[in-house]
Trainee: 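Right, I'll just put the structure down here and ask away after.
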Amino acid sequence: MKKIFLLLLASGFSLAAVCQTVQITTDKNNFLFIGVTNALTIAVDNKSPEDIIVESADAQIDGGQGNKYICRVYKAGEVIIKVLDKKTRSVLGSKSYTARVIPNPLLVLGGATNGMISREALKEIKKIEVKLADIDTDIAYSIDSCSLTLVKLKNGNTRDFFVTSAPFSEELEDEFKRLREGDLILLRNVYVKGPEGLRLVPPAVFTVSTNN
């Protein structure tokens, strides 16, 4: 046993390297989004951030303050992040993530996302809201522009409005108040603003109900 230990020391083997813990974590979800900045926290036992190098062949990684890093990926698939010793260039640890496209945000009208919307809710609506569903993220989207069409069930008459990020016009708010059960609100040609720029998202249809 003593001979083996001496041989390991002679070959430059480090017991500290075996026991060294490398932690690579995302600040939110356990995956990376494409086209935006993803925050990483990277820590290595017994080493300061100045003593390590963080790199990836699949992503661009920039150091921030202390053990905080920013990761940018540009295509879907596996992303392997490696932590190296700055002096020896030996790999201290690595972690694999999956890079995903940010899903299309949902269009929200009076708290509803597609489906039914009550006449009472319509009285309080000032603008179209946008949200990402079921994802813990700080990524935010807002309406840039869209075509809003009101369809009357009784006679099939329609009225078209061009909507931007500004609050609804008084004319549109008045039209909302005139809607009855079964009338439709169609949102089409919807562009939203996000961290990657403008994005065209799927249309949404809301049916007016008398329920609160």
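All figures in this text were calculated on a predicted structure; none of them were measured in a lab. Here, residue 1 is the first one in the sequence, and each next residue gets the next number.
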Trainee: In the structure I gave you, are the side-chain heavy atoms of Arg89 and Ile53 within less than 4.5 Å of one another anywhere?
Mentor: yes
Trainee: Using modelled atom types only, decide if a donor and an acceptor are shared between the side chain of Lys68 and the backbone of Ala39 within a distance under 3.5 Å.
Mentor: no
Trainee: Go through the structure and list residues passing salt bridge (charged side-chain N to carboxylate O under 4.0 Å, His left out) with Asp138, not counting sequence neighbours.
Mentor: Lys28
Trainee: Taking the side chain as everything from C-beta on, heavy atoms only, tell me whether Tyr141 gets closer than 4.5 Å to Pro195.
Mentor: yes
Trainee: Step by step, would you call Tyr97 with Asp58 a side-chain contact (heavy atoms from CB on, under 4.5 Å)?
Mentor: CA-CA 10 Å; Tyr97 286 98; Asp58 314 300; over 6 Å; no
Trainee: Can you give me every donor-acceptor pair (side chain of residues 70-83, partner residue at least two apart or in another chain, under 3.5 Å) with its distance?
Mentor:
| from | atom 1 | to | atom 2 | distance (Å) |
| --- | --- | --- | --- | --- |
| Arg72 | NH1 | Asp62 | OD2 | 2.9 |
| Tyr74 | OH | Gln60 | OE1 | 3.3 |
| Glu78 | OE2 | Ser96 | OG | 2.7 |

Trainee: So does Phe33 get a backbone contact from the side chain of Asn38, meaning a donor-acceptor N/O pair under 3.5 Å?
Mentor: yes
Trainee: With no hydrogens and no angle check, just 3.5 Å: does a side-chain donor-acceptor pair link Ser48 and Glu50?
Mentor: yes
Trainee: Is the backbone of Leu40 close enough, under 3.5 Å, to the side chain of Asp27 for a donor and an acceptor to pair up by distance?
Mentor: no
Trainee: Answer yes or no: is there a donor N or O on one side and an acceptor on the other, between the side chain of Asn29 and the main chain of Phe31, under 3.5 Å?
Mentor: no
Trainee: Over all heavy atoms of both residues, which pair between Pro105 and Val130 is shortest? Give the atoms and the distance, please.
Mentor: CB-CG1, 3.4 Å
Trainee: Step by step, work out the side-chain contact (heavy atoms from CB on, under 4.5 Å) result for Phe176 and Val208.
Mentor: CA-CA 10 Å; Phe176 278 158; Val208 179; over 6 Å; no
Trainee: In chain order, what residues pass the side chain to side chain contact (heavy atoms under 4.5 Å, CB included) check against Thr25, with sequence neighbours excluded?
Mentor: Thr41
Trainee: More than 12 foreign heavy atoms under 6.0 Å from CZ of Phe161: is that the case here?
Mentor: yes
Trainee: Can a donor-acceptor pair be found between the side chains of Asp85 and Ser90 at a distance below 3.5 Å?
Mentor: no
Trainee: Could you tell me whether a side-chain N or O of Asp183 sits under 3.5 Å from a main-chain N or O of Arg180, the two making a donor and an acceptor?
Mentor: yes
Trainee: For Leu179, is there any backbone N or O sitting under 3.5 Å from a side-chain donor or acceptor partner on Arg119?
Mentor: yes
Trainee: Test side-chain contact (heavy atoms from CB on, under 4.5 Å) on Leu153 and Leu184 and set out the steps.
Mentor: CA-CA 7 Å; Leu153 176 66; Leu184 301 178; over 6 Å; no
Trainee: Got a second to check how far Asn157's CG is from Lys152's NZ, nearest 0.5 Å?
Mentor: 7.0 Å
Trainee: Looking at Glu196, I'd like to know if its CD atom is crowded, meaning that more than 12 non-hydrogen atoms belonging to other residues, nucleotides or ligands lie closer than 6.0 Å.
Mentor: yes
Trainee: What are the two closest heavy atoms between Asn104 and Leu200, and how far apart are they?
Mentor: OD1-O, 4.3 Å
Trainee: If you take all heavy atoms of Phe162 and Ser145, which pair is closest and at what distance?
Mentor: CZ-CB, 3.5 Å
